[in-house]
Amino acid sequence: MEIAKILITVKTYPCRSGKYIETVCTAGFKEDGSWIRLYPVPFRFSDNRYKKYQWIEVKIAKNTKDKRPESYRVIDIDNIKLLGTMGTENNWRDRRQFILNKNKIYTKLNDIIKRAHNNELSLAIFKPTKITDFIVENVKIYKENKNCRLLLEQMDLFSNNNQETLKLMPRLSKKFFYKFEDDEGKESRLMVEDWEIGQLYLNCIKREPTDEDAVEKVKMKYWDTFVFEKDLFFFLGTTSQFHNKKSANPFVITGIFYPPIPSQNCLL
């Protein structure tokens, strides 16, 4: 066990869990700049809900059930210490300096795939050479997991009446993908599992008259804005299932890093 100070940069969209009701995979960087993954985390059922780009101090131990090298588990989620946040002032200067200057930026997919197959890494910062498309696909919504439903009923039964009642995050009816090339011309299509894109889609559904309009709003941000107006990087992570099976490409996009395009006057 150790106490670690971590800058949170990744929070994936919540998924259902028979044991934890709902879990979130979070990841970030230790003070020395090395990657760390915290999983599983029943994030929304904790009183200490940290933000992206917030420093936290937490007791951790290696996750012996997850062989990926960066994977750790939280010892006591209710005693996470919330610290300061890293802002976007001066064209994201602090975020750029800490995240990009302390880490290797990969531009060749085969490099990280090979290292993942050798279990040398499962998290990486990747800079695509060319982004060719942003794809949205429909998803079939399955029935509620019975174990999740029973756990929620038990929580409602024993919870304080004054306590906020939390509902499970809705399953998304869409999947979002970036199609891109690396600097060797290797083409890939990876799913975006960042919580931000799922929440954006849900918010747009509430505001827009049709589902098609909601999808267009998501495309405006993730294609029109991020691809053409930002200096776009991907936070890539392997899934436990495909990491262990050494699949052709075990990575998904767990987060988007989108600072302004640097100018000559921007200090990195």
Side-chain angles (χ1 to χ4, degrees), residues 1-13 23-41 43 46 48-63 66-77 79-107 111-112 115-116 119-128 190 192-197 226 230-240 243 250-260 262 266-268:
M1 186 187 73
E2 63 176 295
I3 298 177
K5 188 177 177 182
I6 301 168
L7 178 69
I8 299 296
T9 58
V10 168
K11 287 196 296 185
T12 61
Y13 192 82
T23 62
V24 173
C25 179
T26 64
F29 301 97
K30 293 184 178 181
E31 290 180 284
D32 63 1
S34 60
W35 274 106
I36 183 170
R37 174 190 290 107
L38 302 178
Y39 184 80
V41 178
F43 176 78
S46 167
N48 296 322
R49 301 178 201 170
Y50 42 81
K51 304 174 183 177
K52 288 177 69 172
Y53 300 101
Q54 181 169 23
W55 287 98
I56 64 171
E57 191 173 271
V58 58
K59 291 181 180 179
I60 59 172
K62 193 71 181 72
N63 189 338
D66 187 341
K67 300 303 182 183
R68 292 173 293 179
E70 304 92 343
S71 293
Y72 286 74
R73 60 184 178 87
V74 177
I75 299 298
D76 186 358
I77 191 170
N79 284 315
I80 293 176
K81 188 175 181 180
L82 304 180
L83 305 175
T85 58
M86 187 176 287
T88 59
E89 299 83 5
N90 299 313
N91 292 316
W92 290 42
R93 184 184 62 186
D94 290 346
R95 294 184 183 183
R96 276 184 170 276
Q97 286 180 339
F98 183 79
I99 292 172
L100 300 182
N101 290 357
K102 284 180 173 286
N103 287 275
K104 180 177 176 60
I105 311 301
Y106 290 90
T107 59
D111 287 351
I112 59 173
R115 295 196 66 190
N119 203 33
E120 297 172 4
L121 62 72
S122 65
L123 293 166
I125 304 175
F126 183 82
K127 179 68 171 174
L190 295 184
V192 183
E193 294 197 352
D194 190 4
W195 194 337
E196 284 187 13
I197 196 169
F226 286 174
K230 301 294 182 180
D231 190 18
L232 193 61
F233 297 81
F234 296 153
F235 293 143
L236 299 186
T238 64
T239 63
S240 179
H243 181 89
F251 287 92
V252 295
I253 300 172
T254 57
I256 307 292
F257 188 59
Y258 48 93
C266 177
L267 296 177
L268 296 181

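All values derive from a computational prediction rather than experimental measurement. Numbers here simply count residues along the sequence, with the first being 1.
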Self-check item: Derivation of the side chain to side chain contact (heavy atoms under 4.5 Å, CB included) call for W35 and I125
Solution: CA-CA 10 Å; W35 274 106; I125 304 175; 3.8 Å; yes
Would you check if the side chain of [X] reaches a backbone N or O of [Y] as a donor-acceptor pair within less than 3.5 Å?
X    : Y    : answer
T107 : K127 : no
Q54  : L83  : yes
K52  : V10  : no
R37  : C25  : no

Answer yes or no: is there a side-chain heavy-atom contact under 4.5 Å between [X] and [Y]?
X    : Y    : answer
I60  : I36  : yes
T85  : Y53  : no
I6   : I56  : yes
Y72  : V58  : no
K51  : L82  : no
L100 : F257 : yes
Y106 : L236 : no
W92  : K230 : no

Quiz item: Taking atom types as modelled and ignoring hydrogens, do the side chains of D66 and N63 form a donor-acceptor contact shorter than 3.5 angstrom?
Solution: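 No donor-acceptor contact under 3.5 Å links the two side chains.
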Quiz item: Have Y39 and S240 got a donor and an acceptor in their side chains that come within less than 3.5 Å?
Solution: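 Looking only at side-chain atoms, S240 and Y39 do not form any donor-acceptor pair under 3.5 Å.
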State the [atom1]-[atom2] distance between [X] and [Y], to the nearest 0.5 angstrom.
X    : Y    : atom1 : atom2 : value
D194 : I256 : CG    : CD1   : 6.5 Å
F98  : L7   : CZ    : CG    : 5.5 Å
K59  : R73  : NZ    : CZ    : 12.5 Å
F126 : I105 : CZ    : CD1   : 11.0 Å
D76  : M1   : CG    : CE    : 10.0 Å
N90  : R96  : CG    : CZ    : 12.0 Å

Closest approach of [X] and [Y], non-hydrogen atoms and distance?
X    : Y    : answer
K11  : T26  : CG-CG2, 3.7 Å
I112 : A124 : CG2-CB, 4.0 Å
L123 : A27  : CD1-CB, 4.2 Å
S122 : F251 : O-CE2, 3.9 Å

Practice problem: Tell me, yes or no, whether the heavy-atom count around K81 atom NZ, taken from other residues, nucleotides or ligands under 6.0 Å, exceeds 12. | Solution: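 No, not enclosed.
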Practice problem: For the pair K30 and D32, evaluate salt bridge (charged side-chain N to carboxylate O under 4.0 Å, His left out) and give the outcome as yes or no after the intermediate values. | Solution: CA-CA 5 Å; K30 293 184 178 181; D32 63 1; over 6 Å; no
